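Chain letters run A, B, ... following the sequence lines, proteins first, then strands; residues in each count from 1. All values reported here derive from a predicted model rather than from experimental measurement.
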Amino acid sequence: MKPSDIRKLIIRSLSEDANPREAADTLEKEGITYDFGNSFGGIVIDRIFGTREKVIREMEFLRSMRFIFNRVALTGIAAIILLLISIFIAEGSISLNSFLGIGNTYDEGMISLLTGN
Amino acid sequence: MKGPYSQAEDSELVSASIAGDKLAFSEILERYRKMVARTVKGMLGDSVYAEDIGQEVFIKLYNSLPEFRGEAKLSTYIQKIAINLTLNEIKRRKRFFTMFSQKGNDEMHEFEIADNDGESKRDAKEIVNKALMSLDPKFRIVVAMRMLQGYSTKETAEILELPLGTVLSRLSRAQEQLKEILEKL
């Protein structure tokens, strides 16, 4: 198509009574097309789903961290309860002294323990 | 090679994309990339910025899919996103060029017209590009809708959310301007 024909086509296509598809179809037939580069689709998908997958990975990491924390906390609580029970069985009470292991120790006994006499 | 969604309706693709189906969104992208390219490149020229805006159009589309109610056609919805982002880019660049250049728009237009096609095709495309770039954005958009997308005046008015009379008067004024401009090319 000659440049002069293209100029005429452009002008004609803007008339009120023009066939709206005429210019678009003719230009496409003439190979005047518009498209993005070959990597366009891949880049868009990576930008959308790459970010999405990163967010999902981060959420999964946080979820597993919370699960681990719960496990550790429960185990810790169980250990403390067992310790308190064992103290109660061994010392007969769960006072501060028995918790510190000095429940049955008298002052004199403590001095001889510390001085070695 | 045709994907599993090549025969699917737009509504099906939208639902699957919202559910996170990558292949469904890839199909939307393939179906509408040329339409978006015509709008974005028709308005901004064949530049790297047009590629970036094209990407932003599809990213914005993906993020706003849950809000798409299907009252309008998907193509119209995408077209509106493309037009809004392109007009925003034109405003942004106009501000930038006005700030850093005395020549303003003239320099911007020179920068935009470039492509890698063959000689004769390039000549023809250059005429189309120069014709579009010579117009003010509000005229350029109606001309691009008609000349590159083949939309009727009514369809253009619906997409741009303008009264029919405004679209007609803009087409008419653009035609007058182009008669003068194209004579010089």
TODO: Count the heavy atoms belonging to other residues, nucleotides or ligands that lie under 6.0 Å from CD of B/Glu180, then report whether that count exceeds 12.
DONE: no
- [ ] Calculate, to the nearest 0.5 Å, the distance between atoms CG and CD belonging to B/Leu171 and A/Glu16 respectively.
- [x] 9.0 Å
Open item on the list: Run A/Tyr34 and B/Asn129 through side-chain contact (heavy atoms from CB on, under 4.5 Å) and show every step you take.
Closed with: CA-CA 11 Å; A/Tyr34 292 83; B/Asn129 279 344; 3.0 Å; yes
Task: Heavy atoms of other groups near B/Lys80 NZ, more than 12 under 6.0 Å - done: yes
Open item on the list: Could you report the tightest heavy-atom contact between A/Gly41 and B/Leu29, atom names first, then the distance?
Closed with: CA-CD2, 3.6 Å
Task: Partner chain A: residue of B/Lys179, B/Gln175, B/Glu30 with the largest heavy-atom pair count (under 4.5 Å) - done: B/Gln175
Open item on the list: Please determine whether the number of non-hydrogen atoms from other residues, nucleotides or ligands lying under 6.0 Å from atom CG of B/Asn63 exceeds 12.
Closed with: yes
TODO: Pick one of side chain, backbone, both or neither for B/Phe58, based on which atoms fall under 4.5 Å of a heavy atom in chain A.
DONE: both
- [ ] Hey, could you give me the CD1/CD distance between A/Ile45 and B/Gln55, rounded to the nearest 0.5 Å?
- [x] 11.0 Å
Task: When B/Arg38, B/Arg146, B/Lys41 are compared by non-hydrogen pairs under 4.5 Å with chain A, the top option - done: B/Arg146
- [ ] Might you confirm whether atom CD of A/Glu28 has over 12 heavy atoms from other residues, nucleotides or ligands at distances under 6.0 Å?
- [x] no
Task: Flag, side chain of B/Glu51 to backbone of A/Phe40, donor-acceptor distance under 3.5 Å - done: no
Task: Shared hydrophobic cluster for B/Tyr151 and B/Leu168 (ILVMFWY, side-chain gaps under 4.5 Å) - done: no
TODO: Using the rule that two of Ile, Leu, Val, Met, Phe, Trp, Tyr join whenever any of their side-chain heavy atoms come within less than 4.5 Å, decide whether B/Ile127 and B/Ile181 are in one cluster.
DONE: no
Task: chain A interface, residue from B/Ala131, B/Ser26, B/Gly150, B/Ser152 that has the most non-hydrogen pairs under 4.5 Å - done: B/Gly150
- [ ] Give a yes or no on whether B/Leu164 and B/Leu160 share a hydrophobic cluster (residues Ile, Leu, Val, Met, Phe, Trp, Tyr; joining criterion: side-chain heavy atoms under 4.5 Å apart).
- [x] no
Task: Interchain contact, B/Val142 with chain A, by part (heavy-atom threshold 4.5 Å) - done: neither
Task: Any residue of residues 7-15 of chain A which, by heavy atoms, sits under 4.5 Å from chain B - done: A/Arg7, A/Ile10, A/Ile11, A/Ser13, A/Leu14, A/Ser15
TODO: Just give me the residue among A/Gly37, A/Ser4, A/Ala18, A/Pro3 that pairs up with chain B most often, heavy atom to heavy atom, under 4.5 Å.
DONE: A/Gly37
Open item on the list: Taking the basic N atoms (NZ, or NE/NH1/NH2) and the acidic carboxylate oxygens, is any pair closer than 4.0 Å for A/Arg47 and B/Glu56?
Closed with: yes
Open item on the list: Would A/Asp35 and B/Arg33 count as a side-chain contact (heavy atoms from CB on, under 4.5 Å) here? Give the steps.
Closed with: CA-CA 7 Å; A/Asp35 198 0; B/Arg33 61 182 279 171; 3.0 Å; yes
Task: Backbone of A/Phe49 reached by a side-chain donor or acceptor of B/Lys22 within 3.5 Å - done: no
Task: Same cluster (ILVMFWY, side-chain, under 4.5 Å), A/Ile43 and B/Ile59 - done: no
- [ ] Could you tell me whether B/Lys34 sits above the aromatic face of A/Phe36, with NZ or CZ closer than 6.0 angstrom to the six-membered ring centre and within 45 degrees of the axis?
- [x] no
Task: Residue among A/Thr26, A/Asp5, A/Ile6, A/Asp25 with most heavy-atom pairs under 4.5 Å to chain B - done: A/Ile6
Open item on the list: I'd like to know if A/Ile56 and A/Ile48 are part of one continuous hydrophobic network [Ile/Leu/Val/Met/Phe/Trp/Tyr, side-chain heavy atoms within less than 4.5 Å].
Closed with: no
TODO: Keeping the roles fixed (side chain from A/Arg21, backbone from B/Gln149), state whether a donor-acceptor pair exists under 3.5 Å.
DONE: yes
